[in-house]
Amino acid sequence: MPAREAAGENSVVGLKGMGVREFFARRRARAAIQACGDMDVPMVGLKGEELAVEFRGGAGTPVAGLEKRGKSVVPPTLSLFHLEAWARERRPDLLARLRAAQRAVEEAFLPHEEEAAWAEFEAAKAALERAWREWIMAGGGGGQDALFPQEEPRGEGAKGAPEADRGAVGGTAPGPAPAAPASPDPAGAVAETPRVPAPPPPGGEGAAPPAPNGDPGTEAPMVGLKGKESEAVRDATEKVQQSLFPPEPGAAPGAFRSPWEDWLDAAEVARVPDLAAWRAALEEARAAGACALDTETTGLDPLQNRVRLIQLAVPLYPEGKKRLVADDWVSPESGGGARVYVLDLFALPREGDRREALEAVAGLVADPGVLKVGHNLKFDLVFLRAGLGGRRIPMERLFDTMLASQLVTAGDFVPGGQWEKWCAERGLRPARNDRGQELKATRVDAHGHLVEFEHDNQKEIKPFYPTHSLQQVAHRHLEVWLPKDLQASDWRGELSEGQVRYAARDAAVLLPLYEVLARLLVLNRLVEVAKIEFACLPAVVEIELSGMPFDAPRARELLAAAREEAARHRGELEALAAGAGFVPRPKKGKRIVAGLNPDSSQDVLDCLRLLAEGEGLLAGDRLSVGGEEFDLESRDETLSRLASRLPEGSPLRRFAEALRAYRAAKKRADFLQKWLELLHPATNRLHPDLRQINPQGVGRFSASNPNLQQCPRGSDIRQLFRASEGKKLVVADYSAIEMRIMAQLSGDKTMREAFLEDVDIHRFTAGRMAGKAPEDVTKEERQAAKAFNFGLIYGMQGITLQLYAETSYNVKMTLGEAEAAREAFFRTYPAVAAWHAEQARKGRERGFADYWQHDFGQGFHREKRPWVRTLGGRLRVWPTVREEGREGPYLRKAGAFTELYNTPDQGTGADMVKCAMARLYRELLKRGLEDVKLVATVHDELVLEAPEELAEQVAELLGAAMELTASRFLPDVPVEVEAAACETWAEK
DNA sequence: TCCGCGAGCGCG
DNA sequence: AAAGCGCGCTCGCGGA
């Protein structure tokens with residue numbers, strides 16, 4: 001029986017005044033918590049100097065591995081060490097199994113994909129834990145031996161609870177042992193055939209609410225201990241601590257210092273004097289099987305700056321081990337370390353040597369026999385490739401700790417509404433900038449270190465996402481602090497000792513980080529998708545380095561025209577406003593301006609109101625035109641509908657139309673201006689930054705500076721992207737890919753057959769819904785169906801559908817018609833409805849699954865979370881929110897339910913494109929097509945630039961790469977790729 | 001002057 | 001019960 005269902009008040013553990021041993025306290029608490037595999041993971045938090053652990057279930061609840069002490073409970077450790085000690089005499093069989101598994105894991109660890117070894121290790125450990133618990137239950141050893149094996153000093157403090165209390169420990173119900181790496185849906189991994197779980201009948205959705213998570217009466221806020229109770233607990237626990245972890249001599253009391261700081265300080269740093277020594281270092285890395293790479297460059301632009309320093313960290317494993325992180329997964333394994341070779345390219349005597357040194361690095365990067373760990377490897381690889389004259393180089397066995405970190409956080413965030421509380425519980429105080437202003441998304445922890453978040457203020461839920469700079473990731477998992485001031489320092493001139501030290505630390509820290517993140521990938525079943533991400537790095541490097549060809553002179557002409565047009569419409573708007581007697585409201589702290597500013601929504605709304613009033617259309621704070629009501633807002637779709645319902649000469653209509661035209665021209669001008677600003681002086685091309693994984697964890701790329709993914713369609717603007725002299729753009733995209741993916745995800749027979757028969761899916765849908773043959777479908781019906789296809793598969797409702805059909809496809813319908821059409825859609829594709837129901841289940845408590853996290857305080861720990869996966873195995877989880885339901889409070893996912901429908905589909909599309917990019921890169925490399933370059937990726941589209949004479953051949957190659965990749969993800973649905981060789985991007 | 005917020009809009 | 005999703009960029013506005 002889950003402990004939380006037991007009645008009683010909560011048990012609270014406080015370990016106060018741990019000072020320098022704080023992390024040990026956390027570690028012990030975590031070990032105890034993990035021992036309670038049958039409980040819901042309790043909350044552990046740090047409040048100032050106090051460690052507070054709250055267990056749902058109450059003081060009367062027997063909890064394995066916990067001793068009762070007075071009113072509170074002290075968690076003794078149940079570490080692997082203790083388990084092993086216990087098993088030595090009592091269960092040598094299980095111990096042998098564990099040891100064997102451990103060996104297998106250690107040997108298999110470097111090729112990070114060895115999941116099987118991990119599974120066996122977890123299973124062996126679970127078996128041991130189970131046996132231990134049974135033994136405890138049977139009253140074995142009175143509990144004491146199990147907790148403090150012979151090897152440990154058994155001071156008085158370690159004696160633990162009086163005899164009478166020990167029953168609480170022994171009385172634990174065994175419960176199911178913690179399963180071997182439990183994690184969401186193992187079927188999601190690519191290695192296995194993607195399987196969609198059999199969906200429940202559509203009617204099942206929303207039927208019975210999930211069982212409430214525990215008795216609401218037992219819910220208590222996280223508390224630290226105060227007063228007498230805390231004194232008693234502290235004394236007792238101090239003693240336990242002393243006996244288990246005697247203080248190191250010279251440790252400053254009260255000051256916290258992560259053991260990894262010492263580990264980093266102890267890393268050997270070797271300056272590399274010459275090319276021969278560098279080659280020897282690379283050989284050492286090869287022999288180790290894994291290494292970490294980092295570079296410092298003279299600037300941030302690979303096309304204008306150069307690599308200055310290369311740091312190569314080689315692991316020094318402890319005798320007989322293949323790991324640097326200890327079995328508790330937070331502290332360093334004793335006897336382990338790192339050697340960091342620092343090569344200063346500028347110090348090499350000859351220019352030829354620099355080149356040779358880079359070539360040697362390229363050799364390492366190409367070597368599939370050694371794993372290369374880096375943080376944001378894109379940066380280093382772009383410089384490496386540029387440093388080698390832009391030559392395409394093979395890149396194998398990469399492990400990017402930034403991408404790994406982004407993958408394992410998988411869309412997790414803190415909802416804006418819980419932000420302050422969440423921070424307070426963790427002792428995160430607001431940070432201020434140098435002007436004393438409070439920063440919203442940066443906080444300061446107890447040690448004065450900055451914890452940075454990414455805040456998205458555009459979303460309804462105002463999420464705060466974790467960030468993934470090396471500094472943040474190292475702080476999160478190892479609690480080391482890597483100062484940033486040297487990162488931005490000048491790496492061009494004479495280097496200080498501090499700079500070299502800093503550079504070396506950055507590389508060394510990657511080695512333990514890799515181990516922790518690799519395990520997180522394994523536990524969360526993210527290894528396959530991580531392989532996709534790492535494999536597509538070289539293609540990303542290629543895109544950033546190649547850039548898009550851009551016709552700047554023509555762009556300047558268009559910009560002038562767009563500005564002129566915007567000015568014209570602006571004049572018209574100002575005249576209309578003045579004619580209606582519009583006077584702008586004064587803005588605080590701003591100079592008073594006479595006329596209307598069409599960029600100010602305040603001005604625009606005021607003016608709309610005034611004009612409507614003049615025409616007698618104002619009804620309260622809304623507009624009423626021909627019996628139809630409009631919110632007073634100025635979105636384009638509103639203006640469009642408004643204009644279409646007003647008479648030709650109406651000033652309001654003229655204003656709406658002029659505003660729409662002004663905004664369109666302004667937007668074009670903005671794009672053109674931005675692009676011209678960002679045109680690269682060295683290449684005369686546009687080189688956007690690609691972000692491979694975004695905070696929501698869907699998996700699509702995003703681009704910035706500039707974002708060419710939002711380049712306008714259907715105008716002359718795309719024509720500006722014209723292949724350079726003698727070349728062509730080869731453009732290929734997947735057609736209707738999200739519908740095809742939905743057919744695979746849902747397994748809908750009708751939808752699948754439609755694709756098998758290669759019909760026009762929009763026409764087909766329209767025919768099915770109207771009960772007609774596809775050839776009888778009218779143009780309007782097909783247009784409407786197009787709107788349905790893209791909206792309904794993601795959960796769009798009738799009301800939105802009605803609006804969307806009109807504004808996007810110019811199809812007018814009543815709400816009733818829209819709703820009827822929606823129902824007809826799901827009757828046509830019933831499996832899609834069923835799949836929706838299945839996805840929705842995952843947003844409710846009964847559909848939650850284990851999600852593993854890691855930080856220095858708690859080590860590995862898991863929570864039940866709402867989740868979905870793509871067909872590539874990519875995971876997205878959500879935070880939970882407690883919501884009042886009709887039958888009591890229960891947990892559900894934060895944010896919109898429709899995300900559950902969209903993510904597997906959109907994310908699978910991303911998996912496919914990334915795979916195709918990786919595959920294409922290898923193919924181009926293999927064929928030696930050096931003049932063919934990947935230049936853009938836009939969600940379902942890839943763009944290459946190729947010499948004219950090769951264009952047709954390349955189009956075929958590209959199409960094949962994309963199709964082959966897609967068939968791996970969508971075994972049951974055919975995929976169509978349209979590939980063409982064009983002069984400009986506009987021709988597609 | 002900087003920061004945060006909100007509206008609005010380009011793409012898939 | 002209610003519900004398209006995912007991005008980046010620009011501008012105005014108010015507060016410190």
Side-chain angles (χ1 to χ4, degrees), chain A residues 205-206 209 411 416 432-442 455-460 462 584-590 593 597-605 633-639 659-660 663-664 666-671 673-675 688-689 691 694-715 717-718 733-734 737-738 787-801 803-804 808 822 836 840 843 876 883-886 892 895-907 909-910 913 937-941:
Chain A
E205 177 164 14
R432 293 176 183 279
N433 66 5
D434 41 16
R435 297 165 37 108
Q437 287 173 305
E438 245 184 48
L439 299 175
K440 181 89 192 212
T442 307
H455 183 47
D456 188 345
N457 198 37
Q458 298 283 67
K459 290 195 152 41
E460 192 69 38
K462 313 291 180 200
R585 258 192 273 173
K587 320 281 195 299
K588 272 192 188 158
K590 296 271 182 341
V593 185
N597 178 1
D599 292 332
S600 158
S601 37
Q602 193 182 94
D603 279 12
V604 164
L605 291 184
E633 56 178 21
S634 76
R635 282 201 311 242
D636 191 65
E637 62 189 57
T638 310
L639 295 177
L659 183 55
R660 295 185 70 201
R663 282 186 179 156
K666 178 74 164 53
K667 187 85 181 173
R668 281 163 54 88
D670 284 346
F671 276 128
Q673 186 187 328
K674 178 85 176 167
W675 295 345
D689 300 329
R691 186 169 176 179
N694 284 288
Q696 296 277 30
V698 172
R700 301 224 296 197
F701 280 102
S702 70
S704 58
N705 300 313
N707 178 5
L708 288 188
Q709 291 182 331
Q710 59 182 157
C711 169
R713 268 189 172 279
S715 73
I717 286 194
R718 277 207 184 202
D733 68 351
Y734 289 116
I737 193 62
E738 292 189 0
F788 302 153
N789 287 337
F790 290 132
L792 294 182
I793 55 170
Y794 301 138
M796 189 186 270
Q797 297 299 293
I799 178 71
T800 319
L801 186 62
L803 190 68
Y804 183 70
S808 300
R822 185 171 180 279
H836 277 189
R876 179 178 177 183
E883 210 178 343
E884 295 299 322
R886 256 176 307 176
R892 54 172 49 240
F897 257 63
T898 41
E899 293 161 348
L900 296 159
Y901 311 150
N902 175 271
T903 301
D905 196 324
Q906 205 174 80
V913 167
T937 173
V938 192
H939 309 308
D940 64 351
E941 174 182 355

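A, B, ... follow the sequence lines: proteins, then strands. Residue 1 opens every chain.
- With sequence neighbours excluded, no residue forms a ring-ring contact (aromatic ring centres under 6.0 Å, His included) with A:Y734.
- With values rounded to the nearest 0.5 angstrom, A:N707 atom CG is found 9.5 Å from A:W675 atom CH2.
- Heavy atoms of A:E899 sit under 4.0 angstrom from primed sugar atoms or phosphate atoms, though from no base atom.
- In this structure, CG of A:N902 is placed 22 Å from P of C:dA2, rounded to the nearest angstrom.
- Under the salt bridge (Lys or Arg N to Asp or Glu O under 4.0 Å) criterion, A:K666 pairs with A:D670, not counting sequence neighbours.
- In this structure A:R660 satisfies the salt bridge (Lys or Arg N to Asp or Glu O under 4.0 Å) test together with A:D636, sequence neighbours excluded.
- The distance between atom CD of A:Q797 and atom C1' of C:dC5, rounded to the nearest whole Å, is 14 Å.
- For A:T898, there are no side-chain hydrogen bond (donor to acceptor under 3.5 Å, both in side chains) partners two or more places apart in sequence or in a different chain.
- The residue A:I793 sits apart from the nucleic acid: no heavy atom pair falls under 4.0 Å.
- Nucleic acid contact for A:F671: sugar-phosphate only, since backbone atoms but no base atoms lie under 4.0 Å from a heavy atom of the residue.
- Among the atoms of the strands shown, only primed sugar atoms or phosphate atoms (P, OP1, OP2) are found under 4.0 Å from some heavy atom of A:Q696.
- Partners of A:D456 by salt bridge (Lys or Arg N to Asp or Glu O under 4.0 Å), not counting sequence neighbours, listed by chain and number: A:K459.
- The residue A:R718 sits close only to the backbone: its heavy atoms come under 4.0 Å of sugar-phosphate atoms, none of a base.
- With hydrogens and angles disregarded, a donor-acceptor distance shorter than 3.5 Å links the side chain of A:H836 to the backbone of A:I793.
- When the C1' atom of C:dA3 is taken as reference, atom CD1 of A:I799 falls 13 Å away, rounded to whole Å.
- Rounding to the nearest 0.5 angstrom, the gap separating the CD atom in A:Q709 from the OG1 atom in A:T937 is 6.5 Å.
- In this structure, the ring-ring contact (aromatic ring centres under 6.0 Å, His included) partners of A:H455, at least two apart in sequence or on a different chain, are A:F464.
- Where DNA chain C pairs in unbroken runs of 3 or more (Watson-Crick or G-U, both distances under 3.5 Å), the stems are B:1-12 with C:5-16.
- Residue A:R700 is classed as a base contact, given a heavy-atom separation below 4.0 Å to a base.
- One can place CZ of A:R435 at 16 Å from P of C:dG15, the figure rounded to the nearest angstrom.
- Counting any heavy atom pair closer than 4.0 Å across all strands shown, A:D905 reaches no nucleic acid atom.
- With sequence neighbours left out, A:Y794 forms a ring-ring contact (aromatic ring centres under 6.0 Å, His included) with no residue at all.
- A nucleotide of DNA chain B counts as in contact with chain A when one of its atoms lies under 4.0 Å from a heavy atom; the first and last such, 5' to 3', are B:dT1 to B:dG12.
- Among residues two or more places apart in sequence or in another chain, the side-chain hydrogen bond (donor to acceptor under 3.5 Å, both in side chains) test is passed with A:K587 by A:D603.
- Here the C1' atom of nucleotide C:dG15 and the CD atom of A:E438 are 13 Å apart, to the nearest Å.
- If you check every strand for non-hydrogen atoms under 4.0 Å, A:R585 touches nothing.
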Protein-to-nucleotide contact annotation, 5' to 3' order, nucleotides 8-13 of chain C [B base; S sugar-phosphate only; - none; under 4.0 Å, heavy atom]: BBSSSS
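- The CG-P distance, from A:L792 to C:dA2, rounds to 18 Å in whole Å.
- No contact: A:T903 has no heavy atom under 4.0 Å from any strand.
- Backbone-only engagement by A:N433 is indicated by non-hydrogen atom pairs under 4.0 Å involving sugar-phosphate atoms exclusively.
- When the salt bridge (Lys or Arg N to Asp or Glu O under 4.0 Å) test is applied to A:E738, the partners found at least two apart in sequence or on another chain are A:R700.
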